[in-house]
Number of protein chains: 2
Amino acid sequence: MTDSLLVRRSPVKPCDCNLARSFELIGDRWTLLILRSAMYGVRRFDDFQAELDVPRSVLSARLAALVDAGIMEKREYREEGQRARVEYPLTEMGGELGLPFFAMTAWGDKWLGEGEPHFGLQSRANGQKLKVMLVDERGKPVKPRDIQYVVDKKVWPPEGADKPRRQPG
Amino acid sequence: MTDSLLVRRSPVKPCDCNLARSFELIGDRWTLLILRSAMYGVRRFDDFQAELDVPRSVLSARLAALVDAGIMEKREYREEGQRARVEYPLTEMGGELGLPFFAMTAWGDKWLGEGEPHFGLQSRANGQKLKVMLVDERGKPVKPRDIQYVVDKKVWPPEGADKPRRQPG
DNA sequence: AAGCCTGAGTTCATAATATGGACTTAACTG
DNA sequence: CAGTTAAGTCCATATTATGAACTCAGGCTT
């Protein structure tokens, strides 16, 4: 009965890892906070600036990087009888960060929250609360104990070794 | 038929937001990469250092912060006939970042990946691939169109306004 | 027309962090 | 006893962030 295997390297090198790549793109405090606001619908330079109190020069650089990455779009728009303005809406790519962000919100609610969380999701159809889960191909929820990592079609860590100490979920 | 409402502030102030709080704790490139490796089972100082090529002084500071936050634990252990060593396993709190990280991985696979992803999850019981989804209280998957934001028990954005341009999922 | 306001930035001097390499310390090992 | 390994610390330099002030264009007011 060994204690759990000593894992000395990740099975996916950081440079081949889409999680690591994502973090390269958006894994920085201001970028994440900008995206949080964007997810709620904020779109204008000065509104991001006022809400987050981010230095204007940093905001400018971060928005440019997000546009460059395809996560936001820079767009001119014109309200009735107003001059043209700039807005930064999320693209489809950016919008789909909603799921990881909501999973992260749930984590924060559980581990950092005081009292009831302010924010949640519900079904428009029946008002039921929604949560993020791991499901199998039939849509059936899976228990944490039943989860295995797979790397390049092989179970990981290799046979004989214990499973990693922690599993998602 | 107005164009979508101009949202000028998030409905949850950053300082009251558990998502923003999470980002304060772990929203930094090295911290995220350290946690990625930790999720795969890496636990030792030099192994994090070698895998990520992170400056030792930065690694030291980040690990201390993660321990302080309760996300990792600093622990002495001793292998058979070896001297005592230090390891940094994830706590339960840290392990539960698996779900948001996996959601993020799926996003990266879709939008940044080239070719087939290297990493996935499967059911131990039947080998089925697993994915992250939004489900209602009965465990039924929900379509993106059917999702509403709720802030302090009220639907948001307020009635009359359009929904935010993008929805999670 | 002159001056004011607003949104969306840019510029720049200073402050805070990161970086990389060398150094330290405490067990073991041959 | 000298060498090695793991887990750090220390420090000079380089990079990035910060905050305040400035720019610029279009529209509004009188």
Side-chain angles (χ1 to χ4, degrees), chain A residues 3 5-9 14 20 23-35 37-38 41-68 72-90, chain B residues 3 5-9 14 20 23-35 37-38 41-68 72-90:
Chain A
D3 194 10
L5 180 76
L6 180 59
V7 175
R8 308 216 44 183
R9 287 292 179 282
F23 292 159
E24 291 297 313
L25 274 188
I26 65 166
D28 139 284
R29 246 182 262 298
W30 288 124
T31 303
L32 289 166
L33 290 171
I34 290 165
L35 287 171
S37 294
V42 175
R43 288 194 296 267
R44 298 198 330 193
F45 189 95
D46 275 21
D47 292 343
F48 287 116
Q49 201 282 319
E51 171 155 303
L52 300 172
D53 203 31
V54 49
R56 306 177 77 80
S57 48
V58 171
L59 178 58
S60 178
R62 295 293 187 277
L63 287 173
L66 285 166
V67 168
D68 197 59
M72 292 180 124
E73 184 186 345
K74 179 173 184 168
R75 186 157 75 186
E76 291 225 325
Y77 73 102
R78 184 180 293 269
E79 287 174 341
E80 207 65 25
Q82 298 277 301
R83 70 182 147 134
R85 299 199 193 288
V86 181
E87 65 174 359
Y88 293 91
L90 291 169
Chain B
D3 193 10
L5 178 76
L6 181 58
V7 175
R8 307 215 45 183
R9 286 292 181 279
F23 293 160
E24 291 296 314
L25 273 189
I26 65 166
D28 139 283
R29 247 184 259 304
W30 287 123
T31 302
L32 289 166
L33 290 171
I34 290 164
L35 287 171
S37 294
V42 175
R43 289 193 297 267
R44 299 196 332 192
F45 189 94
D46 275 20
D47 293 343
F48 286 116
Q49 201 282 319
E51 171 155 303
L52 301 173
D53 204 31
V54 48
R56 307 177 75 80
S57 47
V58 171
L59 179 58
S60 178
R62 294 294 187 276
L63 287 173
L66 285 166
V67 168
D68 199 57
M72 291 179 126
E73 184 187 343
K74 179 173 184 169
R75 184 155 77 185
E76 291 225 325
Y77 72 104
R78 184 180 293 268
E79 289 174 340
E80 206 66 23
Q82 297 274 304
R83 69 183 149 131
R85 303 264 160 78
V86 180
E87 63 173 2
Y88 293 91
L90 293 169

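Proteins come first, then strands; the chains are lettered A, B, ... in the order of their sequence lines, and each starts at number 1.
Shortest non-hydrogen contact noted between B/R43 and A/L6 is NH2-CA, 4.0 Å. Residues A/F48 and A/M72 share a closest heavy-atom pair of CZ-CE, 3.8 Å. Nearest heavy atoms, A/L35 versus A/I26: CD1-CG2, 3.8 Å. Nearest heavy atom pair, residue A/L32 against residue B/G27, reads CD1-CA, 3.7 Å. Residue B/D53 comes nearest to B/W30 through the heavy atom pair O-CH2, 4.0 Å, listed as atom of the first residue, atom of the second, then distance.
An OP1 or OP2 oxygen of D/dT16 is reached within less than 4.0 angstrom by no side-chain nitrogen or oxygen of A/W30. The shortest distance between the side-chain N/O atoms of A/R78 and the OP1/OP2 oxygens of D/dG27 is below 4.0 Å. Look at B/Y77 and you won't find any side-chain N or O under 4.0 angstrom from OP1 or OP2 of D/dA7.
Here D/dA6 is the nucleotide among D/dA6, C/dA18, D/dG8 with the atom lying nearest to any side-chain atom of B/R44. When distances are taken from the side chain of A/P55 to each of C/dG9, D/dT18, C/dG20, the shortest belongs to D/dT18.
The separation between B/Y88 atom OH and D/dA7 atom C1' is 8 Å, rounded to whole Å. Taking atom CZ of A/R29 as the reference point, atom C1' of D/dA17 lies 12 Å away to the nearest angstrom. In this structure, A/K74 places its NZ atom 8 Å from C1' of C/dA8, rounding to the nearest Å. D/dG8 atom C1' lies 17 Å from atom CD of B/E87, rounded to whole Å. Distance, A/E79 CD to D/dG26 C1': 14 Å, rounded to whole Å. Protein atom CG of B/D28 is 14 Å distant from nucleotide atom C1' of C/dT19, rounded to whole Å. For B/R85 and D/dT5, the CZ to C1' distance is 7 Å, given to the nearest whole Å. What separates CG of A/D53 from P of D/dA17 is a distance of 16 Å, to the nearest Å.
When each of A/A84 and A/V54 is assigned the nucleotide of DNA chain D with its nearest heavy atom, A/V54 is the one assigned upstream, toward the 5' end. Between A/L63 and A/R83, the residue anchored closer to the 5' end of DNA chain C is A/R83, taking for each the nucleotide with the nearest heavy atom.
Looking at heavy-atom distances under 4.0 Å, A/R62 makes contact with sugar-phosphate atoms alone, never a base. Looking at heavy-atom distances under 4.0 Å, B/Q82 makes contact with sugar-phosphate atoms alone, never a base. Within 4.0 Å (heavy atoms only), B/F48 reaches no atom of the nucleic acid at all.
The backbone N or O of B/F23 lies less than 3.5 Å from a partner atom in the side chain of A/R29, making a donor-acceptor pair. Using a distance-only test at 3.5 Å, with no hydrogens or angles considered, a donor-acceptor pair links the side chain of B/Q49 to the main chain of B/V54.
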Could you list the protein-to-nucleotides 10-15 of chain C atom pairs, N/O on both sides, closer than 3.5 Å?
residue : atom : partner : partner atom : Å
C/dT10  : OP2  : A/S60   : OG           : 2.6

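Counting heavy atoms from C-beta outward, B/L33 and B/E51 have side chains that stay 4.5 Å or more apart.
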